[in-house]
Amino acid sequence: QVQLVESGGGLVQPGGSLRLSCAASGRIASINAMGWYRQAPGKQRELVASIRSDGSINYEDSVKGRFTISRDPAKNTVYLQMNSLTPEDTAVYYCNADLLSGGVVGYRGSYWGQGTQVTVSS
């Protein structure tokens with residue numbers, strides 16, 4: 001089965017940096033896109049950044065210029081470099097992959113990681 005595992009979250013002071021990683025494993029035929037979402041308490045989950053197989057990238061407006069999404073296709077891994085963090089960035093960050101699973105009958109769909117907590121506080 002396909003599994004996404006995030007890492008890199010933690011507690012950081014305002015202005016600090018974190019790098020999140022997400023590795024997809026399992027029976028994967030192809031990945032169309034990977035991205036990062038976040039959800040703060042009482043708020044709807046929102047897209048932070050995504051990167052597609054053609055290299056196109058989208059960022060949520062509030063993170064433009066501060067966050068950078070990148071990928072390593074050989075490792076089925078996506079990264080999110082987060083700089084100049086503010087308390088408003090505090091949330092659980094979830095990795096997402098739009099992919100085709102392997103096997104006799106492949107399954108096309110979105111897969112989610114378990115989430116990693118990012119807390120920005122003094």
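FYI, the numbering just counts along the sequence from 1.
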Asker: Apply side chain to side chain contact (heavy atoms under 4.5 Å, CB included) to residues Val63 and Met82 and explain how you reach the verdict.
Answerer: CA-CA 8 Å; Val63 310; Met82 304 185 294; over 6 Å; no

Asker: I'd like to check the side-chain hydrogen bond (donor to acceptor under 3.5 Å, both in side chains) partners of Ser121; sequence neighbours left out, ordered by chain and number.
Answerer: none

Asker: My understanding is that a hydrophobic cluster links ILVMFWY residues whose side chain heavy atoms are under 4.5 Å apart, including indirect links. Using that, what else belongs to the cluster containing Leu100?
Answerer: none

Asker: Which pairs pass side-chain hydrogen bond (donor to acceptor under 3.5 Å, both in side chains) with one or both residues in residues 98-115, sequence neighbours excluded?
Answerer: Glu6-Gln114, Asp98-Arg108

Asker: Could you tabulate the donor-acceptor pairs under 3.5 Å formed by side-chain atoms of residues 28-36, not counting sequence neighbours?
Answerer:
none

Asker: Any chance you could measure Leu99, atom CG, to Leu4, atom CG, to the nearest 0.5 Å?
Answerer: 7.0 Å

Asker: Once you round to the nearest 0.5 Å, how far does CG of Leu80 lie from OH of Tyr59?
Answerer: 7.5 Å

Asker: Going by the disulfide bond (SG atoms under 2.5 Å apart) test, which pairs reach into residues 4-47, not counting sequence neighbours?
Answerer: Cys22-Cys95

Asker: Show which side-chain atoms of residues 42-51 pair as donor or acceptor with protein atoms under 3.5 Å away, not counting sequence neighbours.
Answerer:
residue	atom	partner	partner atom	Å
Glu46	OE2	Arg38	NE	2.9
Glu46	OE2	Arg38	NH2	3.3

Asker: If a pair satisfies side-chain hydrogen bond (donor to acceptor under 3.5 Å, both in side chains) and one of its residues is in residues 71-82, list it, with sequence neighbours excluded.
Answerer: Gln81-Asn83

Asker: Would you kindly confirm whether Leu18 and Tyr94 end up in one hydrophobic cluster when ILVMFWY residues are joined by side chain heavy atoms under 4.5 Å apart?
Answerer: no

Asker: Say you draw a straight line from OG1 of Thr68 to CD1 of Ile57; how long is it, rounded to the nearest 0.5 Å?
Answerer: 8.5 Å

Asker: With the 4.5 Å side-chain cut-off for hydrophobic clustering, are Phe67 and Leu20 part of the same group?
Answerer: yes

Asker: With sequence neighbours excluded, tell me which residues meet side-chain contact (heavy atoms from CB on, under 4.5 Å) with Val120.
Answerer: Val12, Pro14, Leu85, Pro87, Asp89, Thr90, Val118

Asker: How would you list all residue pairs meeting disulfide bond (SG atoms under 2.5 Å apart) that involve residues 40-77, not counting sequence neighbours?
Answerer: none

Asker: Which Ile, Leu, Val, Met, Phe, Trp or Tyr residues join Leu11 in one cluster when any pair of side-chain heavy atoms under 4.5 Å counts as a link?
Answerer: none

Asker: Which residues pass the side-chain contact (heavy atoms from CB on, under 4.5 Å) test with Asp61, not counting sequence neighbours?
Answerer: Lys64

Asker: Provide the full list of disulfide bond (SG atoms under 2.5 Å apart) pairs with a residue in residues 33-71, sequence neighbours left out, each pair given once.
Answerer: none

